[in-house]
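Some notes on the structure that comes next.
Count residues from 1 along the sequence. Atom set for the values below is all heavy atoms of this structure, side chains included, hydrogens, waters and symmetry mates excluded.
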Amino acid sequence: QVQLVESGGGLVQAGGSLRLSCEVSGSSVRFYTMAWYRQTPGNQRGLVAVFTTGGSTNYADSVKGRFTITRDNAKNTVYLQMNSLKPEDTAVYYCRLAYAYWGKGTQVTVSS
């Protein structure tokens, strides 16, 4: 069974950084498009960053230049490096594999 486990969330002050991890079991991050989403109360889950099988990346305009998605094939893990965090980045962040499987999410809270 495919499982995705996010970690690395927490409380950080505005301007700070966090690195989220998504460890995958039951599949390989190398063979599927991976993505990070986020969701806040009252809003739809929105796409944040994408890492394709070919190594291309795409980002939501709101995080472009601040967030970086990377992939470690040996660890079967995808990361989201978040820099210059803003209070509006506060959300539950979810990892997704192949636009089909979801992790349970990790909370990121950015204080003013």
Report summary line: All heavy atoms of Ile69 vs all of Val78, minimum pair found to be CG1-CG1, 3.8 Å
Report summary line: All heavy atoms of Val2 vs all of Gly26, minimum pair found to be CG2-O, 3.7 Å
Query raised in the report: Would the number of heavy atoms belonging to other residues, nucleotides or ligands and lying under 6.0 Å from OH of Tyr59 be above 12?
Result: yes
Query raised in the report: For the residue pair Leu80 and Ala49, what are the closest heavy atoms and their distance?
Result: CD1-CB, 4.1 Å
Query raised in the report: Under 4.5 Å between side-chain heavy atoms, hopping through other hydrophobics if needed: is there a path connecting Leu11 to Leu20?
Result: no
**Report entry** Heavy-atom pair with the smallest gap, counting every atom of Thr40 and Thr90
**Finding:** CG2-O, 3.0 Å
Report task. Measure up the Tyr93 and Phe67 rings against each other and bin them: parallel (under 30°), tilted (30 to 60°), perpendicular (over 60°). Result -> tilted
Report task. Look at the side-chain heavy atoms of Ile, Leu, Val, Met, Phe, Trp and Tyr, link any pair under 4.5 Å apart, and say whether Val48 and Tyr32 land in one connected group. Result -> yes
Requested in this report: Would you mind reporting whether Arg30 and Asn76 have side-chain heavy atoms less than 4.5 Å apart?
Outcome: no
Requested in this report: Could you tell me whether the side chain of Thr57 and the main chain of Phe51 form a donor-acceptor pair under 3.5 Å?
Outcome: no
Query raised in the report: In this structure, are over 12 heavy atoms from other groups packed under 6.0 Å from Glu88 atom CD?
Result: yes
**Report entry** Evaluation steps, side chain to side chain contact (heavy atoms under 4.5 Å, CB included), between Trp36 and Met82
**Finding:** CA-CA 12 Å; Trp36 285 96; Met82 305 184 294; over 6 Å; no
Report summary line: Ser21 and Thr77 have their tightest heavy-atom pair at CB-CG2, 4.2 Å
Query raised in the report: Which heavy atom of Ser84 sits nearest a heavy atom of Asp89, and at what distance?
Result: O-OD2, 4.4 Å
Query raised in the report: When rounded to the nearest 0.5 angstrom, what is the spacing between CD in Gln13 and OG in Ser112?
Result: 10.0 Å
**Report entry** Point-to-point distance, once rounded to the nearest 0.5 Å, from CZ of Arg71 to OG1 of Thr33
**Finding:** 9.0 Å
Query raised in the report: Can Arg45 be said to sit on top of Tyr37's aromatic six-ring, NZ or CZ under 6.0 Å from centre and within 45° of the ring axis?
Result: no
Requested in this report: Say whether Met34 and Val63 are linked into one hydrophobic cluster, either directly or through other cluster members, by side-chain heavy-atom distances under 4.5 angstrom.
Outcome: yes
Report task. Go through the steps for Val108 and Arg38 under the test side chain to side chain contact (heavy atoms under 4.5 Å, CB included), then give the verdict. Result -> CA-CA 9 Å; Val108 172; Arg38 67 186 181 186; over 6 Å; no
Query raised in the report: Are Tyr79 and Tyr94 connected in the hydrophobic side-chain network, where two residues link if heavy atoms are under 4.5 Å apart?
Result: no
Requested in this report: Determine yes or no for a side-chain-to-main-chain donor-acceptor pair under 3.5 angstrom, with Glu6 supplying the side chain and Cys95 the backbone.
Outcome: yes
Query raised in the report: Is Lys64 salt-bridged to Asp61, going by a charged N under 4.0 Å from an acidic O?
Result: yes
Requested in this report: Enter the distance from Thr68:OG1 to Asn83:CG here, rounded to the nearest 0.5 Å.
Outcome: 6.5 Å
Report task. Spell out, yes or no, whether Trp102 and Tyr99 are grouped together once hydrophobic residues are joined by side-chain heavy atoms under 4.5 Å, including indirect joins. Result -> yes
